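To keep things clear, I will list the structure first and then write my remarks on it.
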Amino acid sequence: MEYNFAEIEPKWQKYWEENKTFKTFDDYSKPKYYILDMFPYPSGAGLHVGHPEGYTATDILSRYKRMKGFNVLHPIGYDAFGLPAEQYAMQTGTHPAITTQKNCDNFRRQIKAIGLSYDWDREINTTDPKYFKWTQWIFKQLYNTWYDNDMKKGRPISELPIPEEVKAEGAEAVNKYMGEKRLAYYDNAQVWWCDSCKTVCANEEVLTDGAHEKCGHQVTRKNLKQWLLRIPHYGERLLEGLDDLDWPAGVKDMQRNWIGKSSGAEVDFEIDGLGKKLRVYTTRPDTLFGATYMVIAPEHDLINEIVTADKKETVANYIKASALKSDLDRTDLAKEKTGVFTGRFAINPVNKQQIPIWVADYVLMGYGTGAIMAVPAHDTRDFEFAKEFEIPVICILDPKEVEKRKEILAGNICWTEDGEYINSASTETGFDINGLNKSEGIKKTVEWLESKEIGKATINFKLRDWLFSRQRYWGEPFPVIHWEDGEVTLVEDDDLPLPLPNLEQYTPGESGESPLSNAEDWLIVTDKNGRKGRRETNTMPQWAGSCWYYLRYIDPNNTESIFDVKKEQYWMPVDLYVGGAEHAVLHLLYSRFWHKVLFDLGIVSTGEPFQKLFNQGMILAFAYETATGAKVASDLVVEKDGKYSHAETGEELKQIVAKMSKSLKNVVNPDDVINKFGADSLRLYEMFMGPLDERKPWAENGVKGVFNFLGRAYRFFSEPENIVEGSEDKEVAKLLHQTIKKVEFDIEHLKFNTGISALMVFNNLVIKKGKVTKETAEIFAQILAPFAPHVGEELWSVYGNDKTLSYEPWPLVDESLLQENTFEYPVSFNGKMRFLLELPIEMQKNEVEKAVLADERAQRWLEGKTVRKFILVPKRIINVVIG
RNA sequence: GCGGGCGUGGCGGAAUUGGUAGACGUGCUAGACUUAGGAUCUAGUGCCUUAUGGCGUGGGGGUUCGAGUCCCUUCGCCCGUACCA
């Protein structure tokens, strides 16, 4: 029978839908497997071929695990809050909910057309009030939690010990104190503002060149009242938690980097003639003797006191210049260090020497104390600065056996590695670390500083408070009311969800006010005592909904609580999470943070949400460029004899690999692929292209290749004449069981490309043989089904089975068929393979040697040579060393 | 700079983790069947050579009976990050 995918595929998709084949039940008697895709943002453009890559991979694994007897949770939903729908609303007046609904419908249609085995009864949508009710509820939990540093966990704010002196000041002071401890807080924040999007953005959303990640416009600084989350409190926990996760090393490293833990010390320097102290943070307290100047950030609090009268103007000018600079392109200017002397000196606590205090913008106010001691001899940044301004460089760490030791000792080269201290003793203070190495030096110095109460060991994180509000309409409203008397209260649980009001106008206010400030009826509230209040007009960022969606899939329709406790305990953690590497830091770090807070509060049962993470590689496309590197749109390219040329100019073009883009006209739409080759071919090709985690270019010829395979397989296995009675051909039976084993191994290890290849090899053999038994044919249908489920189901039904094969037990490998008595050895002479020789596996080495040397094909290599050594690796190779 | 990854036929990629390099697919060549085919089937296909043979996994060196795989060195590409003291 011809392979008519256009008939087969809709038929089975309808069957699965009508029979709810993939509905998941909470059957606690079965082992569970929770396999999660990063849910999509439903854009108006629909699915691109990148989406089905991850989705097909998880679908294959899900189908396989079901056949292996697992209770599989494999859900999908939509991360549907976001800017595009809101911008469309501004232009057309269409409510974002309508646009969103339309886009979700389209995504659902496309996803279903791929034959993915999701449980559609668990579909979620972050914009659904039934969903964001619980997003708001989690926000309340964050607000009502503080981090107990001693217990190293988050605790209810009601358990926060209030110091007596605060209590004594009254209720307002107590509230303020609690506010300083809550994980969510409302405060004036210096924020990045995108004037194009009319919203603030998180630090993480600003690219290094100062452009907004979403739209590319330059961002500026603005001071606004904002909601922030104290994620740095969980820095240590987020760091530790990474150790036991089965995640790509690169992602773990990126998170570690982002958290940026460093340990060092805070040290107080007397400021000469001011009677005040300048506190610095350093990871190298051991190099105090090498400090030849200090630097404070331009934004430092003490700057006006420190600067002397004669330097006031210079310093003021510098501060002004650097303020401008940080808003423009800081990175370009970062190449040359700038700074000015403040006119004042600090006293080095280890030797009482005076060192000048400079102000320079290479020191950032947001990290450590915003002030540093500079040790040019042993820090490359300080070294560059010192060279620029001719500040002395004093080497205090002898590198010993190093080529350029003399230069280093003379202070001409910076040395940041270990060594032995020199010039590191003072008669003035009696402190001495000469002769020690780096780790000893750090330890001794910190002890000395602590004993003198001029410094203490300190841990620092790069991670900053997370800016958690946006001046948007299309996001979760905060369940918060600001009362006219200054009190802030949260909406009662019973009154959640707090829905979005309907608006006429979606345009945000110029001053950084969200469009919600126009919704008078919604905005103004009055309590039972007549007190007036105003609802929070900011909304939550898009991250909010995606921070916890994996939890809602567990119990998506629960109206009483966020989810059922038992169900959560059964399903969590997510066993495999597949998605793009672009979420390596933000989404995955935020999610882990929320999860840990929920864990501390006893709401979830696992310390981490995602046990195993896998990043699929990006799908690229071929593109064409001229000799000068100018890109040519694909519809202007003609191919002839493997060469490419420009359709109009005839100029020869080079084929390159690039991201799919509209301008290059090389975007592949999955709908088109399905129309032309069918969903099974789309799935198979996505997986056959190469390793799942690598980036790889789309090639239509490749789709044709897998389509040919499916056609050949379908035509052969659906032909009754090819399916015979009796016992299976030995060669076929053996390869069949090798194939089951290989496919099983490859699915478990997400190596789908080689698994498919094994199926092709088997298919090629049986076609050559011309016939198979029904048993073999059924097994083939079963092991093909996870990859190409429509063909799998169709063949299965052809053999007289009347229900889905989705829950048929995965075929068992008959190991006895794989046993070998002989092995066809490649025989090498001096490492070069010369011929094959079949020998019994059990044969002793000396017997093997005899047999090999006696073989007539061996004679020509042995002629005039002696055998020096005979290597036999059982079931692998024979190597004869001659000479 | 730093961190992570990669480099194998014309192309996408295999290689059981130190054991026959190039599985599988595509492309190409030849043939069969066809009114025709961008359908289907068969055979061949890393490079050089007349076969025997020689050379081949970015380059150079090393360890080993044996290296795509391990070590040293060097070149190139991709991703992330960026004065975090």
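Naming: A, B, ... by sequence-line order, numbering from 1 per chain. What you see is a predicted model, and the numbers here were worked out from it, not measured in a lab.
If you measure from atom OH of Tyr3(A) to atom P of rU40(B), you get 13 Å, rounded to the nearest angstrom. When the C1' atom of rA23(B) is taken as reference, atom CZ of Phe709(A) falls 15 Å away, rounded to whole Å. In this structure, CZ of Phe383(A) is placed 16 Å from C1' of rC83(B), rounded to the nearest angstrom. Going from atom CG of Leu589(A) over to atom C1' of rG80(B) covers 15 Å, rounded to whole Å. Atom P of nucleotide rG66(B) and atom CZ of Arg868(A) are separated by 14 Å, given to the nearest angstrom. The distance from atom CZ of Phe787(A) to atom C1' of rG25(B) is 15 Å, rounded to the nearest whole Å. Atom P of nucleotide rG13(B) and atom CD1 of Ile619(A) are separated by 12 Å, given to the nearest angstrom. Distance Asn763(A) CG to rA23(B) C1': 15 Å, rounded to the nearest Å.
Enclosure of atom CD in Glu856(A) is not indicated, since only 12 or fewer non-hydrogen atoms of other residues, nucleotides or ligands lie within 6.0 angstrom. Counting non-hydrogen atoms of neighbouring residues, nucleotides and ligands closer than 6.0 angstrom, the NZ atom of Lys771(A) reaches no more than 12 such neighbours.
Side-chain contact check for Tyr825(A) versus Val852(A): every heavy-atom pair is 4.5 Å or farther apart.
Of the possible donor and acceptor atoms, one in the side chain of Asn666(A) sits under 3.5 Å from a partner among the backbone N and O of Ser661(A). Between the side chain of Ser634(A) and the backbone N or O of Leu664(A), at least one donor-acceptor pair lies under 3.5 Å.
When distances are taken from the side chain of Leu364(A) to each of rU20(B), rG25(B), rA85(B), the shortest belongs to rA85(B). Closest approach to the Met833(A) side chain among rU20(B), rC24(B), rC83(B) is made by rU20(B) (side chain taken as heavy atoms from C-beta onward). With rA85(B), rU81(B), rA14(B) as the candidates, the nucleotide lying closest to the side chain of Pro691(A) is rA14(B). The side chain of Ile372(A) lies closest to rA85(B) when the candidates are rA14(B), rG19(B), rA85(B).
For Phe717(A) and Phe780(A), the gap between ring centers is short of 6.0 Å.
For rC33(B), there is no paired nucleotide, since no Watson-Crick or G-U wobble pair has both relevant distances below 3.5 Å. The partner of rU16(B), taking Watson-Crick or G-U wobble pairs whose two distances both stay under 3.5 Å, does not exist in any strand shown. When both pairing distances are held under 3.5 Å, rA82(B) makes no Watson-Crick or G-U pair with any nucleotide shown. Using N1 to N3 plus N6-O4 or O6-N4 for Watson-Crick, or N1-O2 and O6-N3 for G-U wobble, each under 3.5 Å, rU26(B) pairs with rG10(B). Pairing of rG46(B), defined by two Watson-Crick or G-U wobble distances under 3.5 Å, is identified with rC55(B). Pairing of rA67(B), defined by two Watson-Crick or G-U wobble distances under 3.5 Å, is not identified with any nucleotide.
At the heavy-atom level, Pro248(A) lies nowhere under 4.0 Å from the strands shown. Across all strands, Trp861(A) comes closer than 4.0 Å only to sugar-phosphate atoms, never to a base (heavy-atom distances). Heavy atoms of Asp693(A) sit nowhere under 4.0 angstrom from any nucleic acid atom. Among the atoms of the strands shown, none is found under 4.0 Å from any heavy atom of Val280(A).
Close to rA85(B), at under 4.0 Å from its OP1 or OP2, lies a side-chain N or O of Ser262(A). Here Asn615(A) does not reach the OP1 or OP2 of rC79(B): none of its side-chain N or O atoms lies under 4.0 Å away. Phosphate proximity of rG53(B) to Arg860(A): present, with a side-chain N or O under 4.0 Å from OP1 or OP2.
Across residues 738-753 of chain A, Lys751(A), Asn753(A) each have a non-hydrogen atom less than 4.0 Å from an atom of RNA chain B (numbered order).
Residue pairs meeting the side-chain hydrogen bond (donor to acceptor under 3.5 Å, both in side chains) criterion with at least one partner in residues 752-763 of chain A, sequence neighbours excluded, are Asp746(A)-Thr754(A). Within the structure, every pair that satisfies the side-chain hydrogen bond (donor to acceptor under 3.5 Å, both in side chains) test and touches residues 694-706 of chain A, not counting sequence neighbours, is listed here: Glu53(A)-Lys696(A), Lys676(A)-Glu700(A).
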Review item, side-chain donor-acceptor pairs of residues 864-882 of chain A, under 3.5 Å, at least two apart:
unit_1    : atom_1 : unit_2    : atom_2 : d
Thr866(A) : OG1    : Gly883(A) : O      : 3.2
Asn879(A) : OD1    : Gly831(A) : N      : 3.0

Side-chain atoms of residues 286-296 of chain A: list all donor-acceptor pairs with protein atoms under 3.5 Å, sequence neighbours left out, distances to 0.1 Å.
unit_1    : atom_1 : unit_2    : atom_2 : d
Asp286(A) : OD1    : Arg284(A) : NE     : 3.1
Asp286(A) : OD2    : Arg284(A) : NE     : 3.3
Asp286(A) : OD2    : Arg284(A) : NH2    : 2.9
Asp286(A) : OD2    : Tyr421(A) : OH     : 2.3
Thr287(A) : OG1    : Arg284(A) : O      : 2.7
Thr292(A) : OG1    : Pro392(A) : O      : 2.9
Tyr293(A) : OH     : Tyr362(A) : OH     : 3.1
Tyr293(A) : OH     : Asp382(A) : O      : 3.0

N/O-N/O pairs, protein side and nucleotides 2-12 of chain B side, under 3.5 Å:
unit_1  : atom_1 : unit_2    : atom_2 : d
rG12(B) : O2'    : Met689(A) : O      : 2.7

Can you check nucleotides 26-34 of chain B for protein contacts, nitrogen or oxygen pairs under 3.5 Å, and list what you find?
unit_1  : atom_1 : unit_2    : atom_2 : d
rU26(B) : OP1    : Asn708(A) : ND2    : 3.3
rG27(B) : OP1    : Lys704(A) : NZ     : 3.2

Between the protein and nucleotides 63-65 of chain B, which nitrogen or oxygen pairs come in under 3.5 angstrom?
unit_1  : atom_1 : unit_2    : atom_2 : d
rC65(B) : OP1    : Lys869(A) : NZ     : 3.4
rC65(B) : O2'    : Asn879(A) : ND2    : 3.1
rC65(B) : O2     : Asn879(A) : ND2    : 2.8

When you compare the protein's N or O atoms with those of nucleotides 41-43 of chain B, which come within less than 3.5 Å of each other, and at what distance?
unit_1  : atom_1 : unit_2    : atom_2 : d
rC41(B) : OP1    : Arg712(A) : NH1    : 3.1

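Contacts of Asn722(A) classified as side-chain contact (heavy atoms from CB on, under 4.5 Å), with partners at least two apart in sequence or in another chain: Phe716(A), Glu719(A). Checked against side-chain contact (heavy atoms from CB on, under 4.5 Å), Ala584(A) has the following partners two or more places apart in sequence or in another chain: Val251(A), Met254(A). In this structure Ala851(A) satisfies the side-chain contact (heavy atoms from CB on, under 4.5 Å) test together with Leu839(A), sequence neighbours excluded.
Remark: the separation of the C1' atoms in rA67(B) and rU17(B) is 12 Å, to the nearest Å.
A syn base is found at rG9(B): its glycosidic angle is within 90° of 0. For rU74(B), the glycosidic angle deviates from 0 by more than 90°, giving an anti base.
RNA chain B is contacted by both Phe461(A) and Ile756(A); Ile756(A) maps to the nucleotide lying nearer its 5′ end (nearest heavy atom per residue).
If you run ring-ring contact (aromatic ring centres under 6.0 Å, His included) between Tyr3(A) and each of Phe709(A), Tyr714(A), Phe677(A), only Tyr714(A) comes through.
Looking at Lys741(A) and Glu815(A), a side-chain N of the basic residue comes within less than 4.0 Å of a carboxylate O on the acidic one, giving a salt bridge.
Between the side chains of Thr56(A) and Tyr685(A), no donor-acceptor pair of N or O atoms lies under 3.5 Å.
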